[in-house]
There are 2 protein chains.
Amino acid sequence: MAFELFRRDGFEKVTVDDLAAAAGVSRSTFLRYFGTKEDAVLGTADARGERVAEALRARPAHEGEWTALRQALEVAIEPYHQDPAASLAMTRLIRDTPALCARQLEKQHGWRPALARALAERAGSAGAPAIGQWVRASAALDCLNAAVDHWSDSDGRFDLVTLLDEAFAALGPS
Amino acid sequence: MAFELFRRDGFEKVTVDDLAAAAGVSRSTFLRYFGTKEDAVLGTADARGERVAEALRARPAHEGEWTALRQALEVAIEPYHQDPAASLAMTRLIRDTPALCARQLEKQHGWRPALARALAERAGSAGAPAIGQWVRASAALDCLNAAVDHWSDSDGRFDLVTLLDEAFAALGPS
DNA sequence: TCCGTATGTGAAACTGAGTGTCACTGTAGG
DNA sequence: CCTACAGTGACACTCAGTTTCACATACGGA
């Protein structure tokens with residue numbers, strides 16, 4: 001699998017040809033399928049953002065935005081509960097590879113319009129999200145990242161849920 | 001100038017050879033100087049992060065972290081006051097070019113350790129910043145970005161300072 | 001003045017990612 | 001049986017970024 005190759009040799013050392021060979025397909029097919037080398041690792045990230053936005057829309061209307069965001073992020077940390085070891089390895093690979101780090105940042109950046117729009121809908125506004133909603137959506141993702149970073153720094157010993165709650169608490173309810 | 005070429009033909013269309021020719025140097029020299037094509041546009045971003053961190057350290061000790069961050073960001077928006085038209089054009093170019101957008105995100109991401117450390121020092125802690133400090137540093141940058149985005153969406157008609165204050169208010173003091 | 005040495009520049013070859021095109025193959029539907 | 005189409009592979013191409021070598025100019029000491 002691609003992930004193992006990356007972990008063993010480092011993301012930069014593994015060429016697309018290596019990956020294609022490992023997958024048993026041609027270089028053409030590999031690139032047609034994944035688009036880029038980064039997406040062979042981060043391919044599922046876009047979908048996760050959509051799932052968080054859905055979860056956000058599903059939160060009860062009376063709930064405050066900050067609380068709703070916190071609860072919606074449960075969807076995002078699900079994989080960490082399901083398979084902590086794999087998640088830790090993946091997180092480390094990304095953190096230690098500038099190209100992956102940048103690409104993940106970019107993908108998460110793409111989550112924000114959907115999150116901000118979900119907040120606006122919850123508030124009953126049909127138009128564009130207010131600046132405060134953008135900021136809260138962004139800040140929630142920062143909380144997620146800060147929590148995951150601390151979690152991986154602790155080799156997975158700290159509790160991710162606790163870290164996430166701490167992170168959210170640091171910005172207080174709006 | 002490189003910026004004009006990018007604006008006219010689009011970032012992707014302009015090759016490094018074009019840029020080198022426009023600058024009157026060889027391709028080698030151009031790449032040696034800037035490192036990457038993106039850095040021909042975003043070269044000064046790293047330094048700006050350092051300047052914000054300095055400004056943060058210079059804030060009075062009694063000031064709350066959130067207020068200190070807000071004040072420190074005055075340094076970051078200075079260029080927008082100095083030359084709004086140029087800043088608007090630059091912001092648009094970056095926003096409309098995925099590669100530049102990603103690279104800027106990455107650079108800003110690199111500001112956060114310095115900001116978080118500055119917050120930790122202000123608090124008298126010699127060790128690593130607390131997760132709350134990381135989150136607040138990150139959120140402050142989100143506020144900056146949200147304000148600048150809204151500002152550029154309004155063609156520079158909205159007041160950047162007001163937008164930034166609004167953004168900061170949306171997360172309330174910790 | 002002459003001789004190193006360092007620094008800036010250019011030329012060129014090379015690697016590797018991503019794109020586009022074309023041909024081949026199997027498969028589903030008529 | 002024939003056609004249409006989706007999946008695949010082969011190949012050529014562009015371009016970014018790296019590396020290496022060569023040259024030229026400048027600086028400091030003998």
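Per chain, numbering begins at 1; letters A, B, ... match sequence-line order.
The shortest distance between side-chain heavy atoms of B:Trp134 and A:Asp149 does not fall below 4.5 Å. Side-chain contact check for B:Leu119 versus B:Pro129: every heavy-atom pair is 4.5 Å or farther apart. Annotation: side chain of B:Asp39 is in contact with side chain of B:Lys107 (closest heavy-atom distance under 4.5 Å).
Residues from residues 8-20 of chain A lying near DNA chain C, meaning a heavy-atom separation below 4.0 Å, are A:Val14, A:Thr15, A:Val16 in numerical order. The stretch residues 28-38 of chain A touches DNA chain D through A:Ser28, A:Thr29, A:Arg32, each having a heavy atom under 4.0 angstrom from the strand.
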Worked verdict on B:Arg57 versus B:Arg122 for side-chain contact (heavy atoms from CB on, under 4.5 Å): CA-CA 7 Å; B:Arg57 266 186 287 267; B:Arg122 266 172 49 92; 5.5 Å; no

B:Trp111/B:Ser138 under side-chain contact (heavy atoms from CB on, under 4.5 Å): CA gap, chis, key distance, verdict: CA-CA 9 Å; B:Trp111 296 7; B:Ser138 306; over 6 Å; no

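B:Asp18 and B:Thr15 are linked by a side-chain donor-acceptor pair at a separation below 3.5 angstrom, with hydrogens and angles left out of the test.
For the side chain to side chain contact (heavy atoms under 4.5 Å, CB included) criterion with A:Val52, the lone passing option out of A:Leu144, A:Leu141, A:Leu73 is A:Leu73.
With hydrogens and angles ignored, a donor-acceptor pair closer than 3.5 Å exists between the side chain of A:Arg27 and the base of C:dG18.
Ion pairing between A:Asp153 and A:Arg95 holds under the 4.0 Å rule for side-chain N and carboxylate O.
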